[in-house]
Q: 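This structure is in structure tokens; I'll ask about it shortly.
Model, not experiment: these values are computed from the prediction.
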Amino acid sequence: MSKILPFKKTSAALPGISLLLPLILASLLSACATAPDGSDGSNGSVSGAKSAELDTNQAVATPTPEDSQPIPAPVDIEYGHFSEDVLARVIIAEMAGQRGYNQKALNDYLELARETNDLNIIKRASRIASFLRDVPASIETGNLWLAKEPNSQEALRTLAFQMVAMGRYREAMDHLRNLLAQGATIDFRLITNQTAIDNNAALMIDALIADFEELTALYPANQSLRLGLAHLYQQNTQIEQAYELVRVLAQEMNDNPEVVILEVDLLEQMGNTALAEKRIEQALRNNENHKELRFQYGRKLLDEQRYREAHDQFQIIVEQFPEDYDMLYSLALISMEINMLNEAKQYFQRLVENAQRLDDAHYYLGYINVQENNPTEAIGHFFNVNSGGNFLQAQRNLAELMIRSGRYPEVKARFQNIRFRNPDYNIPLLTLEANVLLDEGLYSEASTVLNNAVGAFPNNIQLLFLRSVYAQEVNDLLLMEVDLRKIIQLNPTSPVAYNSLGYTLADRTDRFDEAYQLILRAVELAPNDPAIIDSLGWVQYRLGLYEEARENLDRAYELFPDHEVAAHLGEVLWAMGDKSAARKVWRKALESQPDSEHIRSTMERLTSDSSI
């Protein structure tokens, strides 16, 4: 415990799928979501609102383009209406934009718009500003545009987008109100999606609700408006009012998936979980082929950790939509979570056969083959993981399997090739290789890797620490001390380095006073770390301060009942004459870790017997 290691020994490690699944599936939502079903949008329906006229994604979700990406070509500028000077400046601005100098193009057009007040130039400036997501410029040009064309829907939409992006929701509502008066179709999620993630929205949500209620009274058939109001009610914890709106909307819109899911969430917030489940099952009976609704239901089951039921829903989706590989990948992960490895294996193999999610599929196929004791097949799959979030873990698993198969030269050459092609992997792969060698007891090879690595990167704390671990393993206390003192020099506030050096000096030498000072410094930096408290108790014991040692070891064991702490605490109790208490501590620790070498060796040293 006190000898803190920077790495843990693993074998074909797999992330906690139950923790990752909700996040993975949430990221798939945008990939598989479809526009909600409904009318053509003439009455402001949710589906109709998902039109090019007012796309919520365009407002706040689309990433800013790279500055070098050429701006879109103009569509309605009439060059013949400009003076020769203005025409020349317009051409220069356009050339700048087409060559990727977008900020210059915008600046030039802004100057021209201010000087000429020409509508065509104002439109062009506004569209460039929107393309570049330049909020101040978009607002300025939008206002210039409205001054020339007060009923321009494009200008009103532009200003509404920017006001939402700036959190000025009520000003955005003014523009949306004008659009509604002109019969425009609007997706009011433009506002409610943003207020849901805006920490400051609560300050104005009551006034915003009042605005929505006023508009709803004027346009009672507008479904998007009522759905937006329901979202605001929910955000303002007016759950029953939100539910009444949504319940009616769900009936009107033939169980639109988004509305049904919101209805179910509201029922659960009201504590009516039975009706919530009944409601979504009813909606699925009415729309059994609706992928989005079933996906939302499956995602909901995952959030509730009802994995077998979620599995059944995703299995139906995959049967209905066999080429939806995102859903197939999700089903494979869920199958692994419920230990249906054969089924998961088939799903991952389908992904590989169709060249989909290859890195992830190969990683999990490697893991499954490890569980099935097929190391050769596992090596083949891990070898094919070339990037992605599982890349480094795959390389570790590959190294373990190949080293155990006597193929260390091959994996060493692979890592050298990867590091040569991508220097960013130098430190991760060097530490990974050395750590696996240490775990496998190949100390000579680990020494070569670590000495070469520290020689190439002499100030890398991770490498220095790992070499200090190697030095402890081979009892080279001089090298260990050199590396840990180097770490302290590089990072004087590292409690781990002070603790590791102090503990080793207390445990393996007679330099107790020096060890005590190092551990006290670690305590100053991390006073509640149980490993450091354990080290403090141990050095106090070595100094003969039994009462202080017992107090600190009791505290360390209470914070973290680790078998090494138990060995230390039992030894102190034994030395103080309380042998019954010592045996009790050891016995309890052995219940959770019966093969603890720390406890067995301590008992044998003190009692000449390693059994209780």
Q: Any donor-acceptor pair under 3.5 Å linking the side-chain atoms of Asn528 with those of Arg555?
A: yes
Q: In terms of side-chain heavy atoms, does Asp198 have a donor or acceptor partner in Tyr169 at a distance below 3.5 Å?
A: yes
Q: Roughly how far, to the nearest 0.5 Å, is the CG atom of Leu266 from the NE2 atom of His231?
A: 9.0 Å
Q: Would you please classify the geometry between the Phe188 ring and the Phe212 ring as parallel, tilted or perpendicular, with 30° and 60° separating the classes?
A: perpendicular
Q: Before you tell me yes or no, could you show the steps for Leu365 and Val352 under side-chain contact (heavy atoms from CB on, under 4.5 Å), namely the whole-Å CA-CA distance, both residues' side-chain angles and the distance that decides it to 0.1 Å?
A: CA-CA 10 Å; Leu365 283 169; Val352 171; 3.9 Å; yes
Q: Can you give me the closest heavy-atom contact between Ala137 and Leu106, atom names plus distance?
A: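 Answer, listing the atom of Ala137 first, then Leu106: CB-CD2, 4.2 Å.
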Q: Out of curiosity, Leu328 CG to Asn354 CG, how far, rounded to the nearest 0.5 Å?
A: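 Between atom CG of Leu328 and atom CG of Asn354 there are 8.0 Å.
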Q: Using 4.0 Å as the upper bound for N to carboxylate O, is an ion pair formed by Lys291 and Asp324?
A: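 Between Lys291 and Asp324 there is a salt bridge, with a charged N closer than 4.0 Å to a carboxylate O.
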Q: Centroid-to-centroid, Phe348 to Tyr363, below 6.0 Å?
A: no
Q: Asp118 and Lys148: salt bridge (charged side-chain N to carboxylate O under 4.0 Å, His left out), yes or no, with the steps?
A: CA-CA 9 Å; Asp118 181 273; Lys148 301 285 287 186; over 6 Å; no
Q: For Ala113 versus Leu144, what's the shortest heavy-atom pair and its separation?
A: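 Scanning both residues, the minimum pair turns out to be CB-CD1, 4.3 Å.
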Q: Around atom CE of Met270, are there more than 12 heavy atoms of other residues, nucleotides or ligands at under 6.0 Å?
A: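 Counting neighbours around CE of Met270, more than 12 heavy atoms of other residues, nucleotides or ligands fall under 6.0 Å, so yes.
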Q: Looking only at non-hydrogen atoms, find the nearest pair between Leu358 and Leu351 and report the distance.
A: CD2-O, 4.3 Å
Q: Taking it one step at a time, do Asn491 and Thr493 satisfy side-chain hydrogen bond (donor to acceptor under 3.5 Å, both in side chains)?
A: CA-CA 5 Å; Asn491 184 9; Thr493 60; 3.0 Å; yes
Q: Looking only at side chains, do Glu343 and Ser335 share a donor and an acceptor under 3.5 Å apart?
A: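 Result is yes, a qualifying pair exists.
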Q: side-chain hydrogen bond (donor to acceptor under 3.5 Å, both in side chains) between Gln235 and Thr195: does it pass, once the steps are laid out?
A: CA-CA 8 Å; Gln235 292 168 25; Thr195 56; 2.7 Å; yes
Q: Spell out, as yes or no, whether a donor-acceptor pair under 3.5 Å connects the side chain of Gln182 to the backbone of Asn151.
A: yes
Q: Strictly distance-based, threshold 3.5 Å: is any side-chain N or O of Asn107 a donor or acceptor partner for the main-chain N or O of Gln103?
A: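 Yes; at least one donor-acceptor contact below 3.5 Å.
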Q: Classify the side-chain pair Asn390/Asp360 by whether it contains a donor and acceptor separated by less than 3.5 Å.
A: yes
Q: So that I can tick it off, tell me whether Glu154 and Lys123 are bridged by a salt bridge, with the cut-off set at under 4.0 angstrom between side-chain N and carboxylate O.
A: no
Q: Between Pro495 and Ala526, what is the shortest heavy-atom contact and its length?
A: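 Scanning both residues completely, I find the closest heavy atoms to be CB-CB, 4.0 Å.
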Q: Mark yes when over 12 heavy atoms from residues, nucleotides or ligands other than Gln251 sit less than 6.0 Å from its CD; otherwise mark no.
A: yes
Q: Any non-hydrogen side-chain atom of Ile280 less than 4.5 Å from a side-chain atom of Ile261?
A: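 They are in contact (side-chain heavy atoms under 4.5 Å apart), so the answer is yes.
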Q: Report the distance from atom CZ of Arg89 to atom OG1 of Thr116, rounding to the nearest 0.5 Å.
A: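 It comes to 8.5 Å.
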Q: Do other residues, nucleotides or ligands put more than 12 heavy atoms under 6.0 Å from Glu84 CD?
A: no
Q: Dump the intermediate steps for salt bridge (charged side-chain N to carboxylate O under 4.0 Å, His left out) on Arg279 and Glu263, then the final yes or no.
A: CA-CA 8 Å; Arg279 182 69 187 86; Glu263 182 183 1; 3.0 Å; yes
Q: Are more than 12 heavy atoms from other residues, nucleotides or ligands located less than 6.0 Å from atom CD of Glu558?
A: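 Not buried by this count: 12 neighbours or fewer within 6.0 Å.
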Q: Test side-chain contact (heavy atoms from CB on, under 4.5 Å) on Gln356 and Tyr329 and set out the steps.
A: CA-CA 9 Å; Gln356 300 291 322; Tyr329 177 64; over 6 Å; no
Q: Judged by atom type as modelled, is there a donor-acceptor pair below 3.5 Å linking the side chain of Arg226 to the main-chain atoms of Pro220?
A: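 Such a contact is found between Arg226 side chain and Pro220 backbone.
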Q: Return yes if some donor-acceptor pair links the side-chain N/O of Asn287 with the main-chain N/O of Ala283 below 3.5 Å, else return no.
A: yes
Q: Do Gln296 and Glu258 have side-chain atoms, one donor and one acceptor, less than 3.5 Å apart?
A: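 Note: Gln296 and Glu258 side chains miss the donor-acceptor criterion.
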Q: If only side-chain N and O atoms count, and only distance matters, is there a donor-acceptor pair under 3.5 Å linking Asp206 with Asn236?
A: yes
Q: Quick check for you: to the nearest 0.5 Å, what is the distance between Ile317 atom CD1 and Tyr297 atom OH?
A: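 The CD1 atom of Ile317 sits 12.0 Å away from the OH atom of Tyr297.
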Q: Is a side-chain donor or acceptor of Thr141 paired with a backbone partner of Ser138 at a separation under 3.5 angstrom?
A: yes
Q: Distance only, no hydrogens: is a donor on one side chain within 3.5 Å (strictly under) of an acceptor on the other, for Tyr233 and Glu213?
A: yes
Q: Quickly, which of Leu159, Leu215, Leu156, Ile191 forms a side chain to side chain contact (heavy atoms under 4.5 Å, CB included) with Leu176? Name it, please.
A: Ile191
Q: Whether the side chain of Asn143 engages the backbone of Ile139 through a donor-acceptor N/O pair (distance < 3.5 Å, no angle test) should be reported.
A: yes
Q: Looking at Arg357 and Tyr325, would you say the former's side chain and the latter's main chain have a donor-acceptor pair under 3.5 Å?
A: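 No, because the side chain of Arg357 does not come within donor-acceptor range (under 3.5 Å) of the backbone of Tyr325.
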Q: Answer yes or no: does atom CD of Glu319 have more than 12 heavy-atom neighbours from other residues, nucleotides or ligands under 6.0 Å?
A: yes
Q: Would you mind reporting whether Leu87 and Ile91 have side-chain heavy atoms less than 4.5 Å apart?
A: yes
Q: Assess the residue pair Arg308 and Glu337 against the criterion (salt bridge (charged side-chain N to carboxylate O under 4.0 Å, His left out)); give the C-alpha distance rounded to whole Å, side-chain angles, the decisive distance to 0.1 Å, and a yes or no.
A: CA-CA 9 Å; Arg308 288 196 175 273; Glu337 174 62 27; over 6 Å; no
Q: Contact between Gln320 and Arg294 at the side-chain level, heavy atoms closer than 4.5 Å - yes or no?
A: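 Counting from C-beta outward, Gln320 and Arg294 do come under 4.5 Å.
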Q: Tell me whether Lys300 is salt-bridged to Asp303, with the criterion being a basic N under 4.0 Å from an acidic carboxylate O.
A: no
Q: Any chance you could lay out the side-chain contact (heavy atoms from CB on, under 4.5 Å) test for Val86 and Ile121, step after step, and finish with the verdict?
A: CA-CA 10 Å; Val86 170; Ile121 289 180; 3.8 Å; yes
Q: Please confirm whether Tyr425 and Phe391 have ring centers closer than 6.0 angstrom.
A: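 Yes, close enough.
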Q: Nearest 0.5 Å, what's the CG-CD distance between Leu229 and Gln234?
A: 12.0 Å
Q: Between Asp265 and Gln269, do the side chains contain a donor N or O and an acceptor N or O under 3.5 Å apart?
A: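 Short answer, no.
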Q: State, without any angle test, whether Trp145 and Ser126 hold a side-chain donor-acceptor pair at a distance under 3.5 Å.
A: no
Q: Is it the case that the side chains of Tyr109 and Glu94 hold a donor-acceptor pair, with the cut-off being a distance below 3.5 Å and no angle test?
A: yes
Q: Tell me the closest heavy-atom pair linking Ala105 and Ala93, and the distance in Å.
A: CB-O, 3.3 Å
Q: Could you grab the distance from atom OG1 of Thr273 to atom NZ of Lys278, nearest 0.5 Å is fine?
A: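 Going from the OG1 atom of Thr273 to the NZ atom of Lys278 covers 13.0 Å.
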Q: Would Glu277 and Arg306 count as a salt bridge (charged side-chain N to carboxylate O under 4.0 Å, His left out) if you check the C-alpha gap in whole Å, the side-chain angles of each, and the deciding distance to 0.1 Å?
A: CA-CA 13 Å; Glu277 184 149 350; Arg306 295 162 62 183; 2.7 Å; yes
Q: Within the 3.5 Å criterion, strictly below it, is a donor on Gln393 or Arg396 matched to an acceptor on the partner's side chain?
A: no
